[in-house]
Number of protein chains: 2
Amino acid sequence: MIISQAVEYSLRAMVMLTQSFEEPVTVQAMAARGQIPAAYLSKLLQGLTRARLVTAQRGVGGGYTLTRPPSQITLADVVNAVEPLQRIKKCPLGIAGHATLCPLHRKLDEAMATIEAAFQATTLDDLGKDTGGPVPLCSTEPIVAINLKMKLPAVNASRG
Amino acid sequence: MIISQAVEYSLRAMVMLTQSFEEPVTVQAMAARGQIPAAYLSKLLQGLTRARLVTAQRGVGGGYTLTRPPSQITLADVVNAVEPLQRIKKCPLGIAGHATLCPLHRKLDEAMATIEAAFQATTLDDLGKDTGGPVPLCSTEPIVAINLKMKLPAVNASRG
DNA sequence: GGAATAATGGACCTGTAATTCCTTTATTTC
DNA sequence: GAAATAAAGGAATTACAGGTCCATTATTCC
């Protein structure tokens, strides 16, 4: 895959936060809607918090919110916060004595440069509106319908 | 990373085979020169053999050879043989009821399409000559010099 | 045919990403 | 201040890519 599971999940979450820019969204809500393991998403969001892309608010009515308007957050911001896509700047074989990369690694780095550029050029806002197709995150159905598929957070359990 | 370690190693090996298109190259030789764990490379080459990109020849003077001229093998061929880069063709969230992808996944798929195109457009032959820079695989030094860094295949041991 | 060379392949180990579980801390509401 | 909500975070587990080891099979050379 071109991006890790962690990045994919993080992007889904960020898109959801974009859609609800005004009010905080809980991990549970995002996990359910984005089909992401809740505990794992929680970890990812902690990372995004440290990267200052989102802020957390505890307690009732709390959840996560974007720190900046979606138009000012790029895909690259998110990707780099989760796991920086590292360009090939020097020969992976560690051979000294030449300045530029060999053709193979130059090609690979070019590919990454292309991706990087595309990610830098795309803001969360772009994802929220740019099309005539389905709304972001594929959710044309009401959220309720999606939640039915989820294992609900234990109706009768003592979950904290 | 944009490509896995397995793909990176495989590409290195294929480039080395390109450089020695006439005569077979052994796993040991490629492992040493490409700084790849020999046993692991062996597995990778077995995969490339099954994918009909290389052929193996056992015994003295044996090794691996490309099945086709380097000009007829693309980066995409190699990548797909090792681990196919899978395009996003339907919504990863499995939500039915819409034909096209949501903006996020459309973007991600676009990125992959770009990579795919670049890989399809580049042959092994391209990597062997296209530049004025360092020769392929960063090796401007004589191979001997590189081998000195390697743990040699046991001068005094009973390795089979 | 025996010795050396080299790929084949199965089994196993290892490190890291992905995931779960549970306890703690902060915040709100009543 | 008690109860409920929600994030924070440590610890452990699982899954899989990456990597090792060793015995086997094929091939060449003498």
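Convention: sequence-line order gives letters A, B, ...; per-chain numbering from 1.
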message = Between the side chains of E110(A) and R106(A), is the shortest nitrogen-to-carboxylate-oxygen separation below 4.0 Å, so that they form an ion pair?
response =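 Salt bridge between R106(A) and E110(A), a charged N being under 4.0 Å from a carboxylate O: no.
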inquiry  = For Y9(A), give me all partners under side-chain hydrogen bond (donor to acceptor under 3.5 Å, both in side chains), at least two apart in sequence or on another chain.
reply    =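 With neighbours one apart ignored, the set is Q5(A).
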side-chain hydrogen bond (donor to acceptor under 3.5 Å, both in side chains) against N80(A), all qualifying residues, sequence neighbours excluded =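 Not a single residue meets the side-chain hydrogen bond (donor to acceptor under 3.5 Å, both in side chains) criterion with N80(A).
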inquiry  = Give the residues of residues 50-61 of chain B touching DNA chain D, defined as any heavy atom closer than 4.0 Å, sorted by residue number.
reply    =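 Hits under 4.0 Å, by residue number: Q57(B), R58(B), G59(B), V60(B).
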Donor on one side chain, acceptor on other, [X] and [Y], under 3.5 Å:
X	Y	answer
Q57(A)	T65(A)	no
Q72(B)	T123(B)	no
R33(B)	Q28(B)	no

Whole-Å gap separating [atom2] ([N]) and [atom1] ([X]):
X	N	atom1	atom2	value
L41(A)	dA6(D)	CG	P	14 Å
L44(B)	dT20(D)	CG	P	12 Å
Q28(B)	dA7(C)	CD	P	8 Å
E23(B)	dA6(C)	CD	P	12 Å
L45(B)	dG9(C)	CG	P	13 Å
I3(A)	dA18(C)	CD1	C1'	15 Å

Helical bend (five base pairs per end, nearest 10°) for the helix from dG1(C)-dC30(D) to dC30(C)-dG1(D) =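 End-to-end axis angle: 10°.
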ask   = Would you say a side-chain N or O of Q46(B) is under 4.0 Å from OP1 or OP2 of dA7(C)?
value =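 The answer is no; no side-chain N or O of Q46(B) sits under 4.0 Å from OP1 or OP2.
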key: Rounded distance [0.5 Å steps], CG in L75(A) versus OG1 in T122(A)   =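 Interatomic distance, L75(A) CG to T122(A) OG1, rounded to 0.5 Å: 5.0 Å.
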key: Pairwise side-chain contact, S10(A) with L48(A), heavy-atom cut-off 4.5 Å (strictly under)   =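 Side-chain contact under 4.5 Å: yes.
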query = Is the shortest heavy-atom distance from the side chain of L45(A) to the side chain of M30(A) under 4.5 Å?
reply =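 Yes - at least one pair of side-chain heavy atoms lies under 4.5 Å apart.
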key: Shortest non-hydrogen contact between A6(A) and V82(A), atoms and distance   =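 So the minimum-distance heavy-atom pair works out to CB-CG1, 3.8 Å.
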Using a cut-off of under 3.5 Å, enumerate the N/O to N/O pairs linking the protein to nucleotides 14-19 of chain D.
| residue | atom | partner | partner atom | Å |
| --- | --- | --- | --- | --- |
| dG18(D) | OP1 | Q5(B) | N | 3.0 |
| dG18(D) | OP2 | Y40(B) | OH | 3.4 |
| dG19(D) | OP2 | Y9(B) | OH | 3.3 |

request  = Could you list the residues that satisfy salt bridge (Lys or Arg N to Asp or Glu O under 4.0 Å) with R68(B), not counting sequence neighbours?
outcome  =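 So R68(B) forms a salt bridge (Lys or Arg N to Asp or Glu O under 4.0 Å) with D77(B).
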